[in-house]
Amino acid sequence: MAPRFAQGLLLSALFSLLTACHDAETRQQIDIEGKTMGTFYSVKVSGATTPDPHQLQQEIDALLEQANDDISTYRKTSVLSRFNQYRGTEPQPIAQGMADIILQAQRIGRDTDGAMNITVGPLVNLWGFGPEKQPINIPTQDQIERARQQVGLQHLKLISDNRGEWLQKDLPDLYVDLSTMGEGYGVDLLVNMMMRKGITNYLISVGGAVSSRGVNGQGRPWRVAIQKPTDQENAVQALVGLQGYSISTAGSYRNYFEQGGLRYSHVLDPATGRPINHKLVSATVIATTALEADGWDTGLMVLGTEKALKLAEKKGLAVYLITKTDQGFTAVMTPQFKAFLAPDQH
């Protein structure tokens, strides 16, 4: 498990030309794009009337900037960085949004038996996928074991009281990394903004996390494409309609390095301290919030196809898994995911 802030888009938002008819009313659409969390964001809004794009982008950027100030490990002065730099064990104050991420991460971490682990930062940094960007050298087993001694969800405690939200660690060197859920958190922030503004037709993406509701400027439902696990940007694997739900994809094929003829993925297994080496290359999850989807996709990627599918079926998750085989790629999905497929995809 490693930062997703540096990854490119794993999901691409597409206008559907397959379903629905034009609305009788004249629609407008505004498209806003920008950079955040080391990746790109996109906000598309449609309706009979639309907000001023310049003002909306200012509000979007301000909201995402605050998120970075809270949870970025790349900013030395962020709330999270200060917590990681702190070498004591007293509870430290954190923002409500940061507490929401940690609570969700703890739940998914327990459900995945630690496969999704936000304390895996020491391993992320050791393998050169963190903000320190160390020279690429394969860590020794001794280095890996030393880093693993500083990893564990049991060492992190979230406290809520009448004064606010607090985070406590019982290992001074514990390093929390929330980047695996940062994109989903960013999407949820923007979705909540749309709700406050009364906007009901939107498509929002931050990196590999996407949420949509309503229709586009042509009066057609938004469609989101799951990308094939290749280096080609627009290779589409499947199309889904979300209608108020969110989707997130984790993949092992974009952020990696090669050495000695071997490929080392940024997706790390906390149980071994090493990059995953199974055949699951992409895990996509649809959930009620982007934060939840963004947490589950990473945990499922670590587990591998068989364990991920078994857990998804047990939890009733909407999951789509792509596995590499000797003949190419194969895909499997849960019944809950199939319900979201575009009509011609069934």
Side-chain angles (χ1 to χ4, degrees), residues 1 3-5 36-37 62-122 124 150-196 206 209 211 244-246 248 270 285 287-299 315-317:
M1 183 166 38
R4 292 256 302 281
F5 286 8
T36 187
M37 300 178 180
L63 199 59
L64 294 175
E65 189 68 11
Q66 180 59 58
N68 276 307
D69 283 341
D70 286 341
I71 67 172
S72 175
T73 56
Y74 288 77
R75 294 187 179 183
K76 301 291 186 182
T77 58
S78 73
V79 175
L80 183 58
S81 289
R82 294 199 302 271
F83 177 80
N84 287 334
Q85 294 159 13
Y86 174 61
R87 288 298 179 264
T89 58
E90 292 297 316
Q92 299 298 299
I94 61 173
Q96 177 64 57
M98 185 170 160
D100 292 341
I101 302 174
I102 293 168
L103 181 61
Q104 187 71 262
Q106 289 176 324
R107 289 172 176 167
I108 296 175
R110 288 191 295 267
D111 286 340
T112 58
D113 290 329
M116 214 298 285
N117 193 324
I118 56 173
T119 70
V120 79
V124 172
Q150 303 302 322
V151 174
L153 285 172
Q154 71 273 19
H155 299 298
L156 190 66
K157 184 178 182 180
L158 184 63
I159 303 170
S160 298
D161 59 28
N162 56 6
R163 298 173 298 165
E165 307 292 336
W166 306 79
L167 195 60
Q168 183 179 29
K169 54 184 174 181
D170 61 24
L171 283 180
D173 291 330
L174 195 73
Y175 186 101
V176 178
D177 188 341
L178 301 179
S179 54
T180 53
M181 301 175 73
E183 294 171 0
Y185 176 60
V187 168
D188 285 346
L189 287 176
L190 299 183
V191 167
N192 290 335
M193 172 189 284
M194 298 298 115
M195 293 174 61
R196 290 194 301 271
V206 178
S211 185
Y245 284 80
S246 298
S248 182
V285 180
T288 53
T289 68
L291 180 62
E292 182 181 2
D294 206 3
W296 274 111
D297 66 4
T298 302
K315 293 291 183 180
L317 303 176

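Everything numeric here is computed off the predicted structure, so don't read it as measured data.
- Summarising the geometry, atom CD belonging to Glu90 is positioned 10.0 Å from atom CH2 belonging to Trp166; distances are rounded to the nearest 0.5 Å.
- Between the side chains of Asp100 and Gln96, at least one donor N or O lies within less than 3.5 Å of an accepting N or O.
- For the residue pair Ile71 and Gly182, the shortest heavy atom distance occurs at CD1-CA, 4.0 Å.
- For the atom pair CG (Leu167) and CD (Gln92), the distance works out to 8.5 Å, reported to the nearest 0.5 Å.
- Taking all atoms of both residues into account, the shortest heavy-atom contact from Gln154 to Asp170 is O-OD2, 4.0 Å.
- In the displayed structure, Tyr245 atom OH is contacted under 6.0 Å by at most 12 heavy atoms of other residues, nucleotides or ligands.
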inquiry  = side-chain contact (heavy atoms from CB on, under 4.5 Å), that's the test. Do Ile118 and Leu156 meet it? Break it down for me.
reply    = CA-CA 10 Å; Ile118 56 173; Leu156 190 66; 3.9 Å; yes

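- The two residues Ala293 and Ala287 have their closest heavy-atom pair at N-CB, 3.8 Å.
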inquiry  = Is there a side-chain contact (heavy atoms from CB on, under 4.5 Å) between Thr73 and Tyr175? Walk through the geometry before answering.
reply    = CA-CA 10 Å; Thr73 56; Tyr175 186 101; 3.5 Å; yes

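- Interatomic distance, Arg75 CZ to Asp70 CG, rounded to the nearest 0.5 Å: 10.0 Å.
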task = Go through the steps for Val176 and Lys169 under the test side-chain contact (heavy atoms from CB on, under 4.5 Å), then give the verdict.
result = CA-CA 10 Å; Val176 178; Lys169 54 184 174 181; over 6 Å; no

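- In terms of modelled atom types and a separation under 3.5 Å, the side chain of Asp161 and the main chain of Gly164 share a donor-acceptor contact.
- A donor-acceptor distance shorter than 3.5 angstrom exists from the side chain of Ser78 to the backbone of Ser72, with no hydrogens or angles considered.
- For the atom pair CE of Met37 and OH of Tyr74, the computed distance is 13.0 Å after rounding to the nearest 0.5 Å.
- Proximity of a side-chain donor or acceptor of Asp188 to a complementary backbone N or O of Leu291 within less than 3.5 Å is detected.
- We find the OG1-CG distance between Thr119 and Asn84 to be 10.5 Å, quoted to the nearest 0.5 Å.
- No donor-acceptor pair under 3.5 Å is formed between the side chain of Arg163 and the backbone N or O of Ser160.
- The shortest heavy-atom contact between Leu153 and Gly109 is CD1-CA, 3.8 Å.
- When all heavy atoms of Met116 and Gly295 are compared, the closest pair comes out as CG-O, 3.2 Å.
- For the atom pair Leu189 CG and Met193 CE, the distance stands at 8.5 Å (nearest 0.5 Å).
- Among all heavy-atom pairs drawn from Thr112 and Gly299, the shortest one is CG2-CA, 4.4 Å.
- Side-chain atoms of Met181 and Leu178, non-hydrogen and from C-beta on, never get closer than 4.5 Å to each other.
- Here the side chain of Gln150 pairs no donor or acceptor atom with the backbone of Leu171 at under 3.5 angstrom.
- Looking only at distances, no side-chain donor or acceptor of Ser211 sits under 3.5 Å from a matching main-chain atom of Thr289.
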request  = Run the numbers on Tyr185 and Asp294 for side-chain contact (heavy atoms from CB on, under 4.5 Å), then give the verdict.
outcome  = CA-CA 8 Å; Tyr185 176 60; Asp294 206 3; over 6 Å; no

